[in-house]
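Throughout, a chain's letter reflects where its sequence line sits, starting with A, and its residues are numbered from 1.
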Protein chains: 2
Amino acid sequence: MRPGSDEQEWREDCAPRRVLEIFATKWTSMILHTLAARHGGAARTGVLHRSLPGISKKMMVQTLREMESSGLIDRRVESAVPPAVEYSLTPLGRRFVGLVEVVYDWGRENSDALDQLRIRASSRRRAG
Amino acid sequence: MRPGSDEQEWREDCAPRRVLEIFATKWTSMILHTLAARHGGAARTGVLHRSLPGISKKMMVQTLREMESSGLIDRRVESAVPPAVEYSLTPLGRRFVGLVEVVYDWGRENSDALDQLRIRASSRRRAG
DNA sequence: CATGATGGTTACCTCGTGGTGACTATGTCC
DNA sequence: GGACATAGTCACCACGAGGTAACCATCATG
């Protein structure tokens with residue numbers, strides 16, 4: 001091994017470690033992907049919600065807020081009679097979508113590897 | 001949008017969703033990467049521990065155990081006087097290392113995007 | 001004997017994630 | 001008027017991730 005190589009690699013602020021923030025917990029990557037799958041990378045709240053089976057209303061809003069303040073998405077409110085809110089990818093968001101798609105493509109192409117994985121069904125939330 | 005497309009995409013058991021398990025929380029991906037950086041994809045406990053700044057002894061062992069039972073790594077104990085334990089990548093583990101490296105490479109090549117990200121420093125555990 | 005390195009276990013505690021459900025507000029449909 | 005959809009907030013609660021620190025066992029060193 002190259003001395004001092006990996007140690008440098010894993011400082012708290014290193015790039016790889018920060019990338020993981022995107023995938024860590026939550027629905028961020030799935031929202032990015034869902035938005036990207038829409039024309040123009042935008043969708044209204046209800047559409048998003050229905051596109052993400054299993055997400056709760058609270059987590060939807062919470063994650064969207066975080067993504068907005070992170071600069072990944074924009075939130076545009078149409079002050080219409082039934083309030084219409086549209087979320088759309090920012091240029092920054094589109095960059096991260098690229099990564100997300102790579103990861104998801106890998107998953108689709110390596111589902112056999114995923115099948116071989118013996119993830120303990122006990123943890124990971126309420127085991128589905 | 002293609003009807004039924006994204007909805008199918010996000011069933012609990014879909015491939016993309018399972019890939020996220022690898023990156024969700026914990027040190028799994030970092031351990032995979034660290035092992036891959038070693039000759040032969042193997043390292044002893046102490047080496048691993050020193051290569052992962054910030055990991056606690058407990059989380060190290062816990063994560064290694066989970067990875068072992070998942071089939072990502074092998075654990076070989078040399079019943080020597082000072083116990084020597086070596087962890088090594090399995091063929092399955094090597095496949096996932098591929099993904100991990102892709103993600104980390106992306107991070108290194110897109111550090112400017114990461115810099116633009118305004119992650120709220122409040123959450124994410126105890127803010128580092 | 002005390003210390004340290006080997007690898008690991010355990011109890012204890014914090015807190016972020018994330019779910020449920022109630023509630024707001026407004027306009028339309030029946 | 002009541003139900004429903006729009007979008008969202010808030011209180012409440014459960015649980016797992018994950019950290020700290022003490023402890024076990026053994027041998028070598030000082």
Side-chain angles (χ1 to χ4, degrees), chain A residues 10 12 17 20-31 42-70 73-88 119-128, chain B residues 10 12 17 20-31 42-70 73-88 119-128:
Chain A
W10 295 118
E12 297 284 342
R17 213 118 140 174
L20 296 182
E21 307 272 323
I22 310 294
F23 293 100
T25 52
K26 281 176 301 190
W27 304 79
T28 306
S29 62
M30 291 186 246
I31 291 180
R44 290 183 56 181
T45 311
V47 173
L48 267 183
H49 195 206
R50 286 185 290 273
S51 299
L52 294 167
I55 197 174
S56 66
K57 193 179 284 190
K58 194 198 78 167
M59 286 315 298
M60 255 276 293
V61 179
Q62 181 176 313
T63 308
L64 287 169
R65 291 284 178 283
E66 289 169 359
M67 292 174 70
E68 192 192 356
S69 65
S70 293
I73 60 174
D74 274 332
R75 178 170 178 271
R76 198 191 61 184
V77 183
E78 292 182 61
S79 301
V81 184
V85 179
E86 194 181 62
Y87 295 94
S88 57
I119 298 276
R120 72 276 132 133
S122 47
S123 70
R124 304 250 44 86
R125 289 204 315 280
R126 28 183 309 185
Chain B
W10 295 117
E12 297 285 340
R17 213 118 139 177
L20 297 181
E21 307 274 321
I22 311 294
F23 295 100
T25 52
K26 279 175 302 189
W27 304 79
T28 306
S29 62
M30 291 186 245
I31 292 180
R44 290 184 56 180
T45 310
V47 173
L48 266 184
H49 196 206
R50 286 185 291 273
S51 298
L52 294 167
I55 197 173
S56 66
K57 195 179 283 192
K58 195 199 75 168
M59 286 315 299
M60 255 276 292
V61 178
Q62 180 176 313
T63 307
L64 287 169
R65 292 284 177 282
E66 289 168 359
M67 292 173 70
E68 191 193 356
S69 64
S70 292
I73 60 173
D74 274 331
R75 179 171 179 270
R76 199 192 62 186
V77 183
E78 291 182 59
S79 301
V81 184
V85 178
E86 193 180 62
Y87 295 94
S88 56
I119 297 278
R120 74 277 133 136
S122 48
S123 71
R124 304 250 42 85
R125 290 202 314 280
R126 26 183 312 184

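Put simply, CD on A:Q62 is 8 Å from C1' on C:dT17, counting in whole angstrom units. Atom CE in B:M59 sits roughly 15 Å away from atom C1' in C:dG8 (whole-Å rounding). In this structure, A:H49 atom NE2 and D:dG8 atom P are separated by 11 Å, rounded to whole Å. The CD-P distance, from A:E68 to D:dA7, rounds to 15 Å in whole Å. One atom, CD of A:E66, and another, P of C:dG18, lie 9 Å apart when rounded to the nearest Å. Residue A:E78 contributes atom CD, which lies 20 Å from atom P of D:dA5 at whole-angstrom precision. If you measure from atom CD of A:E86 to atom C1' of D:dG8, you get 17 Å, rounded to the nearest angstrom.
Residues B:R65 and A:S56 each lie close to DNA chain C; by heavy-atom proximity, the contact nearer the 5' end of the strand is made by B:R65.
Listed pair B:R75 / C:dG8 meets the phosphate criterion, a side-chain N or O lying under 4.0 Å from OP1 or OP2. Contact annotation: A:R50 reaches the phosphate of D:dT6 (side-chain N/O to OP1 or OP2, under 4.0 Å). Side-chain nitrogen and oxygen atoms of A:R44 include none within less than 4.0 Å of the OP1 or OP2 phosphate oxygen of D:dA5.
Partners of A:R75 according to the side chain to side chain donor-acceptor pair (under 3.5 Å) rule, which considers only residues two or more places apart in sequence or in another chain, are A:Y87. By the side chain to side chain donor-acceptor pair (under 3.5 Å) test, A:E86 pairs with A:R76, sequence neighbours left out.
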Pairs: protein N or O with nucleotides 10-13 of chain D N or O, under 3.5 Å:
none

For nucleotides 2-4 of chain C, list the nitrogen or oxygen atoms of the protein found under 3.5 Å from its nitrogen or oxygen atoms, one pair per line.
none

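Residues A:V47 and A:R50 have side chains in contact (heavy-atom distance under 4.5 Å, counting atoms from C-beta outward). Between A:I55 and A:M30 there is no side-chain heavy-atom pair separated by less than 4.5 Å.
Looking at B:M67, B:R65, B:E66 one by one, the single match for side-chain contact (heavy atoms from CB on, under 4.5 Å) with B:I73 turns out to be B:M67.
Residue contacts shown for A:T45 are limited to sugar-phosphate atoms, with no base heavy atom under 4.0 Å away.
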